[in-house]
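Here's the structure, in structure tokens; my notes come after.
Side chains are part of it too, since the values below use all heavy atoms of this structure and drop only hydrogens, waters and symmetry mates. Just so you know, ligand 1 is whichever comes first in the structure, and atom 1 is the first atom listed for that ligand.
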Amino acid sequence: MLTVPVSLSANPYEIVISSDFFPQFGTFFKKWTNGARHAIIISDTNVEPLYAMKIAEILAESGVENDLCVVEAGEESKCVEVAQMLWERLIECGADRKTVITAVGGGVVGDLAGFVAATINRGLPFIQVPTTLLAQVDSSVGGKTGINIPQGKNLVGAFWQPKGVFMDMAVLRTLDERQYRAGMAEVVKYGVIMDADFFAFLEKNVEKINSRDESILSQIIARCCALKAEVVLEDERETSGRRAILNYGHTFGHVVEKLGGFGTWLHGEGVGIGMTFAARLALKLDPENSELKELQKRQDALLEMLRIPTRIPDFPRDEILNTMLRDKKTENGTLRFVLPNRLGDCVMKTIQGIEKFI
Ligand SMILES: NC(=O)c1ccc[n+]([C@@H]2O[C@H](COP(=O)([O-])OP(=O)(O)OC[C@H]3O[C@@H](n4cnc5c(N)ncnc54)[C@H](O)[C@@H]3O)[C@@H](O)[C@H]2O)c1
Ligand SMILES: [Zn+2]
């Protein structure tokens with residue numbers, strides 16, 4: 001079992017990474033909540049039979065009364081109607097200030113349940129049990145919660161830190177191949193933006209990663225959580241700009257997600273293509289830089305070995321430009337892009353005349 005501390009001064013908490021299906025979840029639940037006696041588990045239709053029922057059993061065995069609320073699997077559930085349904089269910093289930101909202105699922109369930117926890121009764125304690133690779137390395141760490149509205153994704157939300165995050169490697173066995181690879185794109189991202197040694201570790205362990213070796217995966221996930229926690233500690237509420245480095249590959253990734261049409265590309269697949277684009281853009285801006293040449297070569301090779309998409313789709317150039325300029329990182333017509341300096345180091349750069357590079 002590995003533990004990663006998230007040492008926020010107001011809300012310190014820990015991330016526990018176990019194997020063999022949550023053997024100590026009950027113990028940690030009690031420790032993190034000062035012995036709370038009531039939990040409401042929020043999950044989705046896919047994860048309920050796989051893991052949420054198991055979590056309910058473990059809590060019951062630990063003397064924690066619990067109710068289970070299940071939403072439809074999929075991004076569509078991150079909406080105000082489903083949030084409202086949950087607010088009402090929570091009250092019907094007798095939620096009071098000591099009730100612990102427990103999210104069991106991927107990033108959709110985590111964001112939605114976290115938002116509901118942040119808003120019901122002016123905020124209830126919250127625990128995350130992330131079950132996708134993406135949720136384990138990214139969305140469950142850092143306290144961002146939220147829902148979508150027709151005007152855009154994640155436009156309504158709150159920073160709401162969990163009391164603890166409990167993840168188990170064994171749940172990754174049932175994750176489908178595409179979801180697994182998409183989550184792995186975010187893993188590669190951490191190596192490129194923050195940690196060249198970690199990137200080399202990934203290169204060395206490609207085969208084990210592809211066969212979902214749980215011992216390697218737990219080390220990888222622990223490292224990603226520690227790196228994300230480091231950034232979140234420096235910039236908890238996205239005010240200094242530091243947290244923006246986590247958006248490496250995301251500006252162009254969003255273009256791919258949008259122009260590809262809803263549901264065509266998974267978010268992580270967009271990130272793989274977006275990182276490929278960003279590495280090329282960095283090199284176009286500084287063509288003789290040998291560190292950037294090496295980065296591009298190694299990043300391309302690693303993404304390919306991990307079977308993460310890198311080929312930039314043939315979208316019309318005008319549509320790419322328009323979509324990019326509408327992205328939230330645009331300020332006064334110039335584009336802000338997270339670009340690598342070298343493996344393990346990146347910065348936010350302002351780019352004028354992006355059309356020259358597309
Ligand atoms: N809060 C943040 O900081 C943050 C960061 C990144 C992404 N996100 C959000 O995360 C969401 C995407 O999360 P996601 O990629 O986990 O998607 P998801 O929650 O939709 O999960 C993907 C699919 O896998 C299923 N699933 C989950 N765990 C499983 C398992 N162990 N075995 C089999 N199937 C399983 C789900 O039911 C779903 O169908 C987006 O809404 C995004 O905005 C939030
Ligand atoms: Zn992402």
*With a cut-off of 4.0 Å, which atoms of ligand 1 are near a heavy atom of D44?*
36 (C), 37 (O)
*Considering the heavy atoms of L134, write down every atom of ligand 1 situated less than 4.0 Å from one of them.*
7 (C), 10 (O), 12 (C), 13 (O), 14 (P), 15 (O)
*Test side-chain contact (heavy atoms from CB on, under 4.5 Å) on V231 and R242 and set out the steps.*
CA-CA 7 Å; V231 177; R242 176 70 180 154; 4.2 Å; yes
*Side chain, backbone, both or neither: which part of S139 comes within less than 4.0 Å of ligand 1 when only heavy atoms are counted?*
both
*Would you mind checking which non-hydrogen protein atom is closest to atom 23 (C) of ligand 1, with the distance to 0.1 Å?*
Q179 NE2, 3.7 Å
*asked:* Regarding atom 21 (O) of ligand 1: of the candidates V232, T132, D138, which has the closest heavy atom?
replied: T132
*Please report the number of protein N, O or S atoms that lie less than 2.8 Å from the Zn ion (ligand 2).*
3
_For E48 and L68: C-alpha separation, side-chain torsions, deciding distance, then whether side-chain contact (heavy atoms from CB on, under 4.5 Å) applies._
CA-CA 9 Å; E48 177 197 17; L68 179 54; 3.8 Å; yes
_Side-chain heavy atoms nearer than 4.5 Å, only ILVMFWY residues, links allowed to pass through others: does that put V109 and L134 together?_
no
*Is a side-chain donor-acceptor pair under 3.5 Å present for N210 with R181?*
yes
*Would you mind listing which atoms of ligand 1 come within a distance below 4.0 Å of any non-hydrogen atom of E75?*
40 (C), 41 (O)
*Test: R212 cationic atom under 6.0 Å from Y180 six-membered ring centre, within 45° of axis*: yes
*Which residue and non-hydrogen atom of the protein lie closest to atom 26 (N) of ligand 1, and at what distance in Å?*
V47 CG2, 3.8 Å
*Counting from 1, what ligand 1 atoms have a heavy atom of N154 closer than 4.0 Å?*
43 (O)
*asked:* Atom CD of residue position E304 - does it have more than 12 heavy atoms of other residues, nucleotides or ligands inside 6.0 Å?
replied: no
*Looking only at non-hydrogen atoms, which of L175, V104, V171, V71 approaches atom 35 (C) of ligand 1 most closely?*
L175
_K78 N/O to ligand 1 N/O under 3.5 Å_ = yes
*Before giving the answer on side-chain contact (heavy atoms from CB on, under 4.5 Å), spell out for I351 and R336 the whole-Å C-alpha distance, their side-chain angles and the decisive distance to 0.1 Å.*
CA-CA 6 Å; I351 298 180; R336 303 186 70 214; over 6 Å; no
*Quick one: which ligand 1 atoms are inside 4.0 Å of a heavy atom on K144?*
1 (N), 3 (O)
_Mutual orientation of the aromatic rings belonging to Y51 and F22 [parallel < 30°, tilted 30-60°, perpendicular > 60°]_ = perpendicular
*ligand 1 and D176, any nitrogen or oxygen pair closer than 3.5 angstrom?*
no
_Please report whether ligand 1 has a polar contact with T131, defined as an N or O pair separated by less than 3.5 Å (distance criterion only)._
yes
_For K98, I'd like to know if atom NZ has over 12 heavy atoms of other residues, nucleotides or ligands within 6.0 Å._
no
*Can K228 be said to touch ligand 1, with heavy atoms closer than 4.0 Å?*
yes
*Any side-chain donor paired with an acceptor under 3.5 Å for K78 and N154?*
yes
*asked:* As an exercise, identify every atom of ligand 1 less than 4.0 angstrom from a heavy atom of T174.
replied: 30 (C), 31 (N), 32 (N), 33 (C)
*Using a distance-only test with no angle check, is there a side-chain donor-acceptor pair under 3.5 angstrom linking N341 and E291?*
no
*Between V104, V100, I101, which is the residue that forms a side-chain contact (heavy atoms from CB on, under 4.5 Å) with I127?*
V100
*Hey, does N46 come in under 3.5 Å of ligand 1, counting only N/O atoms on both sides?*
yes
*Which residue and non-hydrogen atom of the protein lie closest to atom 17 (O) of ligand 1, and at what distance in Å?*
G107 N, 4.1 Å
*Quick one: does ligand 1 sit under 4.0 Å from the side chain of H267, the backbone, both or neither, non-hydrogen atoms only?*
neither
*Taking heavy atoms and a distance under 4.0 Å, where does T145 meet ligand 1: side chain, backbone, both or neither?*
neither
*Ligand-residue contact atoms, ligand 1 with V108, heavy atoms, under 4.0 Å*: 11 (C), 13 (O), 18 (P), 19 (O), 20 (O), 41 (O)
_Nitrogen or oxygen atoms of A135 and ligand 1 under 3.5 Å apart_ = no
*Starting from atom 9 (C) of ligand 1, which protein heavy atom do you reach first, and at what distance in Å?*
D111 OD2, 3.4 Å
*Does Y51 reach ligand 1 with a nitrogen or oxygen that is under 3.5 Å from one of the ligand's nitrogen or oxygen atoms?*
no
*Is the number of heavy atoms from other residues, nucleotides or ligands within 6.0 Å of CD (E234) greater than 12?*
yes
*When Ile, Leu, Val, Met, Phe, Trp and Tyr are grouped by side-chain heavy atoms lying under 4.5 Å apart, directly or through other members, which residues fall in the same group as L292?*
L283
*asked:* Before you tell me yes or no, could you show the steps for K258 and E319 under salt bridge (charged side-chain N to carboxylate O under 4.0 Å, His left out), namely the whole-Å CA-CA distance, both residues' side-chain angles and the distance that decides it to 0.1 Å?
replied: CA-CA 10 Å; K258 273 192 197 146; E319 286 188 30; over 6 Å; no
*For E177, does the CD atom have more than 12 heavy-atom neighbours from other residues, nucleotides or ligands under 6.0 Å away?*
yes
*For D111 and T145, test the side chains for any donor-to-acceptor distance below 3.5 angstrom and give the result as yes or no.*
no
